[in-house]
Amino acid sequence: MTIPLVLFVSSGNHPSGFSPVVKKQADSLSAHDVRIDFFSIKRGGLWGYLKSIPAIRKKIRKNRYNMVHAHYSLSGICAAVAAHRSCPVFCSLMGSDAQITGIWRSVIRLFARKWWQVVIIKSFSMNKKLALKDYVVLPNGVDLEQMRPMDQADARKKIGWNSAKKYILFLADPKRPEKNYQLAREAVECLDIADIELKAIGACPHEDVPLYLNACDVLLLTSLWEGSPNVIKEAMACNRPIVSTDVGDVRKIFGDTRGCYIASFNRDDVAEKLILALEFSSNPGQTSGRQQIISLGLSADAVALQLVDLYSRFSTTDQ
């Protein structure tokens with residue numbers, strides 16, 4: 001195989017089309033001479049997904065893909081039925097897929113066993129619920145060129161934040177129950193610190209994420225569950241102090257990085273860890289999180305190389 005041709009199948013309901021995670025993965029693969037084609041499922045609900053199968057099948061028959069790589073279980077199911085064993089189907093399961101219960105979890109296991117040639121999960125913790133027999137653990141990588149340390153004053157000026165205040169950043173939609181914004185709000189309300197503000201940024205262009213991360217004093221994640229939260233890796237790439245609940249692979253990613261703290265789901269414990277992180281943010285200010293991300297092989301480029309290796313092992317046709 002010389003230059004592989006891969007069809008990405010995923011939801012197209014994100015405001016920018018494909019989710020930034022999927023698009024970034026495609027970009028990182030393109031840098032290694034993998035040609036990526038896209039099929040976006042823009043219909044919602046189960047029937048909306050199922051109705052996309054004929055169009056996916058038509059696209060697969062028209063092009064000689066080396067494989068199809070779907071993101072999320074529903075996309076993977078549609079892709080596998082459409083391909084009908086004409087080429088290998090990879091399926092990347094995300095954190096939300098591990099939360100599916102009942103018959104749908106059985107369906108995921110069936111497709112993982114019979115229809116998907118490679119199943120990728122984002123952390124070992126996901127498989128505690130999925131109980132798959134064969135899988136590859138491969139978290140999403142971080143674009144280290146985009147996510148990098150910046151001068152905090154410059155970042156605050158660009159987004160209009162007060163230079164004299166302390167900011168705790170909650171970079172998730174507070175309306176999503178699994179993000180557990182109530183715990184974040186209650187913990188910050190416990191802090192007896194002047195000029196401190198919790199900033200909940202539910203939606204922003206992905207290119208603005210490094211500005212918010214560098215502008216904040218601490219990133220706070222209070223999720224009830226995650227697979228491998230990208231915002232944690234992105235904040236570490238920016239050398240920001242972090243407080244996070246023990247979800248997904250956060251504990252492993254933190255390692256012994258100073259300035260990064262694991263908290264329980266207790267409001268007072270989160271508050272105590274925030275105080276430690278705020279103190280670290282004042283002195284020395286930046287963590288060694290970026291080096292930790294590099295040492296774990298979690299740059300977008302390093303992850304892309306692992307995917308290229310997987311593709312080469314399962315490719316069916318040369319282009």
Side-chain angles (χ1 to χ4, degrees), residues 1-94 96-97 111-112 115-122 136 138-143 145-146 205-207 230 299-319:
M1 184 175 72
T2 53
I3 301 176
L5 178 61
V6 181
L7 177 64
F8 267 28
V9 177
S10 186
S11 168
N13 294 320
H14 190 274
S16 61
F18 274 84
S19 77
V21 170
V22 176
K23 185 63 171 63
K24 282 291 183 183
Q25 186 171 90
D27 291 343
S28 64
L29 287 166
S30 297
H32 291 280
D33 295 327
V34 177
R35 290 181 290 163
I36 304 294
D37 202 357
F38 293 93
F39 186 95
S40 60
I41 301 174
K42 296 183 179 179
R43 297 173 177 177
L46 174 60
W47 289 114
Y49 272 78
L50 295 179
K51 288 177 181 177
S52 70
I53 291 174
I56 300 173
R57 180 181 293 123
K58 182 179 180 180
K59 193 173 184 70
I60 291 173
R61 287 177 176 176
K62 184 179 179 181
N63 301 277
R64 296 176 60 215
Y65 294 110
N66 295 102
M67 70 270 306
V68 177
H69 188 164
H71 296 77
Y72 294 94
S73 56
L74 264 178
S75 297
I77 289 168
C78 295
V81 174
H84 194 59
R85 305 186 189 282
S86 61
C87 64
V89 175
F90 286 40
C91 185
S92 288
L93 299 177
M94 309 300 194
S96 57
D97 293 310
F111 272 77
W115 291 78
W116 298 329
Q117 278 64 52
V118 176
V119 181
I120 297 170
I121 61 176
K122 300 304 171 182
V136 175
L138 188 60
N140 295 317
V142 182
D143 183 345
E145 291 186 9
Q146 181 188 29
H206 198 252
E207 57 267 25
N230 294 305
S299 69
D301 189 66
V303 171
L305 286 172
Q306 292 183 67
L307 267 177
V308 170
D309 180 61
L310 279 174
Y311 289 166
S312 66
R313 284 188 268 160
F314 286 88
S315 176
T316 54
T317 59
D318 289 346
Q319 300 300 317

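In this structure, the side chains of Val6 and Tyr65 stay at 4.5 Å or more apart for every pair of heavy atoms. Proximity of Asp97 to Met94: side-chain heavy atoms (C-beta onward) are separated by under 4.5 Å at one or more points. No side-chain heavy atom of Tyr72 sits under 4.5 Å from any side-chain heavy atom of Ser11. A 4.5 Å side-chain heavy-atom check between Val118 and Phe314 finds at least one atom pair inside the cut-off. Using a 4.5 Å heavy-atom threshold, the side chains of Ser30 and Arg35 count as separate. Side-chain contact between His32 and Leu305 is present, with at least one heavy-atom pair separated by less than 4.5 Å.
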Might you work through the side chain to side chain contact (heavy atoms under 4.5 Å, CB included) test for Val142 and Lys24, ending with a clear yes or no?
CA-CA 9 Å; Val142 182; Lys24 282 291 183 183; over 6 Å; no
Should Ser28 and Val303 be marked as a side chain to side chain contact (heavy atoms under 4.5 Å, CB included) after you check the CA-CA gap, both sets of side-chain angles, and the distance that decides it?
CA-CA 8 Å; Ser28 64; Val303 171; over 6 Å; no
Test Phe111 against Val81 for side chain to side chain contact (heavy atoms under 4.5 Å, CB included), laying out the working first.
CA-CA 10 Å; Phe111 272 77; Val81 174; 4.1 Å; yes
Please evaluate residues Ile121 and Val136 with respect to the criterion side chain to side chain contact (heavy atoms under 4.5 Å, CB included), reporting the C-alpha separation (whole Å), side-chain torsions for both, the decisive distance (0.1 Å), and the verdict.
CA-CA 6 Å; Ile121 61 176; Val136 175; over 6 Å; no
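Cys78 and Ile56 make their closest contact through CB-CD1, 4.1 Å (heavy atoms, listed as atom of the first residue, atom of the second, distance). Annotation for Leu29 and Phe8: closest pair CD1-CZ, 3.7 Å, computed over non-hydrogen atoms. The shortest non-hydrogen separation linking Lys122 to Gln25 is NZ-NE2, 4.5 Å. Here the closest non-hydrogen pair linking Cys91 and Ser73 is SG-CA, 4.2 Å. Heavy atoms only, all atoms of each residue included: Trp116 and Ile77 are closest at CZ2-N, 3.7 Å. Nearest heavy atom pair, residue His206 against residue Gln146, reads O-NE2, 3.3 Å.
No more than 12 heavy atoms of other residues, nucleotides or ligands lie within 6.0 Å of CD in Glu145, so this atom counts as exposed by the packing criterion. Within 6.0 Å of CZ in Arg61 there are 12 or fewer heavy atoms belonging to other residues, nucleotides or ligands. Counting non-hydrogen atoms of other residues, nucleotides and ligands closer than 6.0 Å to CZ of Phe39 gives a total above 12.
In terms of the side-chain contact (heavy atoms from CB on, under 4.5 Å) criterion, Pro54 has no residue partners (sequence neighbours excluded). In terms of the salt bridge (Lys or Arg N to Asp or Glu O under 4.0 Å) criterion, Asp301 has no residue partners (sequence neighbours excluded). Every residue two or more places apart in sequence or in another chain that forms a side-chain contact (heavy atoms from CB on, under 4.5 Å) with Val21 is listed here: Ser19, Asn140, Asn230. Judged as a side chain to side chain donor-acceptor pair (under 3.5 Å), and not counting sequence neighbours, Ser75 has no contacts. Checked against side chain to side chain donor-acceptor pair (under 3.5 Å), Lys23 has the following partners two or more places apart in sequence or in another chain: Asp27.
The backbone N or O of Val89 sits less than 3.5 Å from a side-chain atom of Gln117, completing a donor-acceptor pair.
Between atom NE2 of residue His71 and atom OG of residue Ser92 there is a gap of 4.5 Å, rounded to the nearest 0.5 Å. The CG atom of Asp143 sits 9.5 Å away from atom OG of Ser299, with the distance rounded to the nearest 0.5 Å.
The salt bridge (charged side-chain N to carboxylate O under 4.0 Å, His left out) analysis of residues 46-60, with sequence neighbours excluded, yields the pairs Asp37-Lys59.
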